[in-house]
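Here is the structure we will look at.
Note that the structure is predicted; figures quoted are calculated from it, not measured. These numbers come from the heavy atoms of this one structure, side chains and all, not from hydrogens, waters or symmetry mates.
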Amino acid sequence: MKKILRLDWDLIAGVIAAMTALVLHMLHIVQQEVVLAVMLVLLTLLLVRDLRSENRSDKLLEIGEGLEKQVTSLSAAIKPPDVILIGPQQLRTANEEFSRRAQGEMIWFNVCLMMFKPQTLFDKMLKPAVENHLVTSIQFVLDPKQKDLWEQEVLPKVNCCVGKEKVLTPHWGSLKENVSFILSGTSSSERTEALLSFWGEPFMAKSTGHDIPRYIFHVQSHSELITRLSEMERAYRLDESN
């Protein structure tokens, strides 16, 4: 039924009428003048039909241009988010993907090294960054309380990775901030992005006496937070008292 409704019945009727008139003229049933009159009527109908179609096309074109302007206006009005919240189910995937897309210098600021104790977590979170050929250096900024964890749990695993030489000696200092973040340029953007987390509830959860991330924020390259995080990390590294 849909195929039948889509047929151009005006054109079909015109063709049938023209063929009928020609056949009747060949059979000498109608005169030549009648055939010419039929042809003239058909041509007139086809002209009117084409004019209607052109008018509809102009209206459709006008509507399409209006919609295009509205879409352009809406796109310009929508601002991309500065920060994207990542929940527990996507944490490992987000960290792994961030490490694989990283390039240049990576900064790991005030992160809890306990999360690297299981080999599986180390392989998901830090190893992809160490073995990423686009990453030129990895600098940790850590509290001295984590020195034992670094030497006993993290460093031996790092030494088993390809690219271990890019992992620099951590900068040890008394960290008073309640934030933890990974800072790096990414292959999808020429600018810096970050994964940011906060110590304490509801962003951290207690596990065997230690805080582990529950929610993190993917800070986009256009966010003003990137500048503030970079300044915070730089201040700690340049502070001679740390």
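- Applying the side chain to side chain donor-acceptor pair (under 3.5 Å) test to residues at least two apart or on different chains, the pairs with a partner in residues 114-126 are E96-K124, Q119-D123.
- Judged by distance alone, the side chains of H218 and E193 do bring a donor and an acceptor atom under 3.5 Å apart.
- A donor-acceptor contact shorter than 3.5 Å is absent between the side chain of N178 and the backbone of F198.
- Residues I84 and I226 fall into different hydrophobic clusters, defined by Ile, Leu, Val, Met, Phe, Trp and Tyr side chains chained together at heavy-atom separations under 4.5 Å.
- In terms of the ring-ring contact (aromatic ring centres under 6.0 Å, His included) criterion, residue partners of F109 (sequence neighbours excluded) are, by chain and number, F181, Y236.
- A search for salt bridge (Lys or Arg N to Asp or Glu O under 4.0 Å) contacts involving E105 returns R237, not counting sequence neighbours.
- At least one side-chain heavy atom of M232 sits under 4.5 Å from a side-chain heavy atom of E177.
- Shown here are the salt bridge (Lys or Arg N to Asp or Glu O under 4.0 Å) partners of K166, two or more places apart in sequence or in another chain: there are none.
- Checking side-chain atoms of N132 against main-chain N and O of A102 turns up a donor-acceptor pair under 3.5 Å.
- Note: F217 CZ to S223 OG = 11.5 Å, rounded to the nearest 0.5 Å.
- Listed by chain and number, the residues in a salt bridge (Lys or Arg N to Asp or Glu O under 4.0 Å) with K127 amount to none (sequence neighbours excluded).
- S99 places no side-chain N or O within donor-acceptor distance of the main-chain N or O of L126, the cut-off being under 3.5 Å.
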Residues 145-156, side-chain donor-acceptor partners within the protein, below 3.5 Å, at least two apart:
unit_1, atom_1, unit_2, atom_2, d
Q146, OE1, L113, N, 2.7
Q146, NE2, V111, O, 2.8
E153, OE1, K157, NZ, 3.4

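- Here E224 does not pair with R228 in a salt bridge; the nearest charged N to carboxylate O distance is not below 4.0 Å.
- The hydrophobic cluster containing I138 also contains W172, counting ILVMFWY residues as joined when their side-chain heavy atoms lie under 4.5 angstrom apart, directly or transitively.
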